[in-house]
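Step one of this worksheet: look at the structure below.
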Amino acid sequence: MFEPPRVLDAKALLDKAFRRATKATTTKGRTREERTKNLAIAKVQAAGDILATTLESYIKGFPSLDRIPPFYRELIDVTIGVASLRKNLAAVDWARKKSLELARALVRRIQAARGSTAISAIRREAFGRLSSVIGQIDSNLVALQAARRPLKSFPDLDPEAPTIVVAGYPNVGKSSFVGRISTAKPRVAAYPFTTQEVSLGHFDVGYTRFQVIDTPGLLDRPMDQRNPLERKAISALAHVADAVVFLIDPSETCGYELAVQQSLLDTVRDLFPDTPTLVVENKADLRSSGLGRPTMSALTGAGVNAVLAEAVRLATSSAPASVHPARAA
Ligand SMILES: Nc1nc2c(ncn2[C@@H]2O[C@H](COP(=O)(O)OP(=O)(O)OP(=O)(O)O)[C@@H](O)[C@H]2O)c(=O)[nH]1
Ligand SMILES: [Mg+2]
């Protein structure tokens with residue numbers, strides 16, 4: 001989803017900028033002093049420009065925190081912290097502006113200077129002060145580099161597409177259901193803070209593309225067996241879910257009794273309090289509970305279309321997942 005750039009630490013960044021700056025050349029100038037001056041100007045300008053453009057590319061390469069969808073915002077908060085990412089990016093932006101300002105001011109002073117010694121002294125001062133500015137953001141650069149890996153691991157969800165999340169105990173038939181309704185082979189993505197992966201399928205109704213998220217290992221056991229980070233990362237799914245399809249296996253061939261399946265349903269409802277949940281009995285070819293819930297067989301296909309139609313209705317009739325209606329006090 002996100003491809004943040006590699007971020008150099010202060011020392012490596014300065015090495016890069018100064019190495020390039022030393023290569024700056026000019027043949028302009030009629031006298032020796034003029035040439036010395038123009039060369040000093042070219043070097044200071046080059047150093048300032050390289051630092052500023054590199055820092056700018058870092059800022060642009062990270063997600064823009066004010067515009068990212070709530071799902072990703074929450075994942076960022078769990079993994080690296082929105083406030084800390086914001087602080088590090090702000091520090092980098094400060095150094096970017098400062099580098100440009102400094103380079104400009106010192107170029108003006110070189111222009112006004114007389115004599116090679118004075119010119120060289122200002123040039124050295126410029127490099128020293130640029131080093132000091134970049135040195136001050138070393139820890140921010142290091143933190144940004146560390147933030148790359150979690151950001152790169154975020155699953156690539158389309159936050160605009162109406163989204164159906166499929167939940168239920170292992171072996172109840174989630175993947176069979178998702179495979180049956182998806183038009184293409186589902187894509188698999190790592191899920192932050194869990195050893196699990198989500199699998200993303202899609203299908204179209206008219207011109208609308210729907211997203212289906214299969215959640216093996218995520219929404220298939222009690223949340224109290226998880227650490228807080230995992231719990232938060234899982235609850236971030238509430239931001240993308242427009243409807244939840246919860247599969248129950250009344251045949252219990254999945255290996256879990258109906259009673260424990262029912263209590264997982266309660267957990268999932270707590271996780272998605274504002275999302276309509278469709279409870280479906282799967283494996284109707286084997287058995288149904290007779291409780292009047294919708295039934296289907298992901299194996300034979302019987303009842304799948306009706307379930308899908310109802311899920312689509314729920315996913316499109318509710319408010320967008322990210323909007324939580326204000327509750328009356
Ligand atoms: N008889 C019958 N078997 C089914 C049905 N749906 C799925 N199965 C079988 O149940 C087993 C588990 O199905 P999956 O679709 O892998 O279940 P799952 O919920 O994705 O399981 P995990 O990925 O482990 O969480 C497979 O052997 C399926 O063939 C059904 O409607 N009827
Ligand atoms: Mg599965």
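Scope of the values below: all heavy atoms of this structure, side chains included, with no hydrogens, waters or symmetry mates. Note that ligands are numbered from 1 as they come in the structure, with each ligand's atoms numbered from 1 the same way.
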Shortest protein heavy-atom distance from atom 32 (N) of ligand 1, along with the residue and atom involved: D285 OD1, 2.8 Å
Are the aromatic rings of Y191 and F154 close, with centres under 6.0 Å apart? no
More than 12 heavy atoms of other groups within 6.0 Å of R293 CZ: yes
Under a single-linkage definition using a 4.5 Å side-chain heavy-atom cutoff for Ile, Leu, Val, Met, Phe, Trp and Tyr, are I134 and F18 assigned to the same hydrophobic cluster? yes
Can you name the atoms of ligand 1, numbered from 1 with element, that are less than 4.0 Å from a heavy atom of S297? 30 (C), 31 (O), 32 (N)
Do any N/O atoms on P216 end up under 3.5 angstrom from N/O atoms on ligand 1? no
Can you tell me if CZ on R86 sees more than 12 non-hydrogen neighbours from other groups inside 6.0 Å? yes
When distances are taken from atom 25 (O) of ligand 1, the protein heavy atom at minimum range is K174 NZ, 2.7 Å
Among all the protein's non-hydrogen atoms, which is closest to atom 15 (O) of ligand 1, and how far away is it? S176 OG, 2.5 Å
S199 near the Mg ion (ligand 2) via N/O/S, less than 2.8 Å: no
Under-4.0 Å heavy-atom contact between protein and atom 5 (C) of ligand 1: yes
N or O contact, A298 vs ligand 1, cut-off under 3.5 Å: yes
Would you say A284 has any N or O atom under 3.5 Å from an N or O of ligand 1, going by distance alone? no
Side chain or backbone, does D220 bring an N or O within less than 3.5 Å of an N or O on ligand 1? no
Just wondering, are more than 12 heavy atoms of other shown residues or ligands nearer than 6.0 Å to CD in E257? no
What distance separates L14 CG from I50 CD1, expressed to the nearest 0.5 Å? 11.5 Å
Side chains of E33 and S116 only: does a donor on one sit below 3.5 Å from an acceptor on the other? no
S175 neighbourhood, listing ligand 1 atoms whose heavy-atom distance to it stays under 4.0 Å: 15 (O), 18 (P), 20 (O), 23 (O)
Closest protein heavy atom (residue, atom, distance) for atom 17 (O) of ligand 1: G173 N, 3.1 Å
What residue and heavy atom of the protein are closest to atom 12 (C) of ligand 1, and at what distance? N171 OD1, 3.4 Å
Among side-chain atoms of T163 and Q211, is any donor-acceptor pair under 3.5 angstrom? yes
Quick one: are L299 and K283 in side-chain contact, heavy atoms under 4.5 Å? no
So, is D214 polar-close to ligand 1, with some N/O to N/O distance under 3.5 Å? no
Starting from atom 10 (O) of ligand 1, locate the nearest protein heavy atom and write down its residue, its atom name and how far away it is, to 0.1 Å. K283 NZ, 3.5 Å
Check this for me - ligand 1, L299, N or O atoms closer than 3.5 angstrom, yes or no? yes
Atom 1 (N) of ligand 1 touched by protein heavy atom at under 4.0 Å: yes
Assess whether side chain to side chain contact (heavy atoms under 4.5 Å, CB included) is satisfied between V212 and L200, documenting all intermediate values. CA-CA 6 Å; V212 206; L200 313 167; over 6 Å; no
Distance check, rounded to the nearest 0.5 Å: L75 atom CG versus H239 atom NE2? 8.5 Å
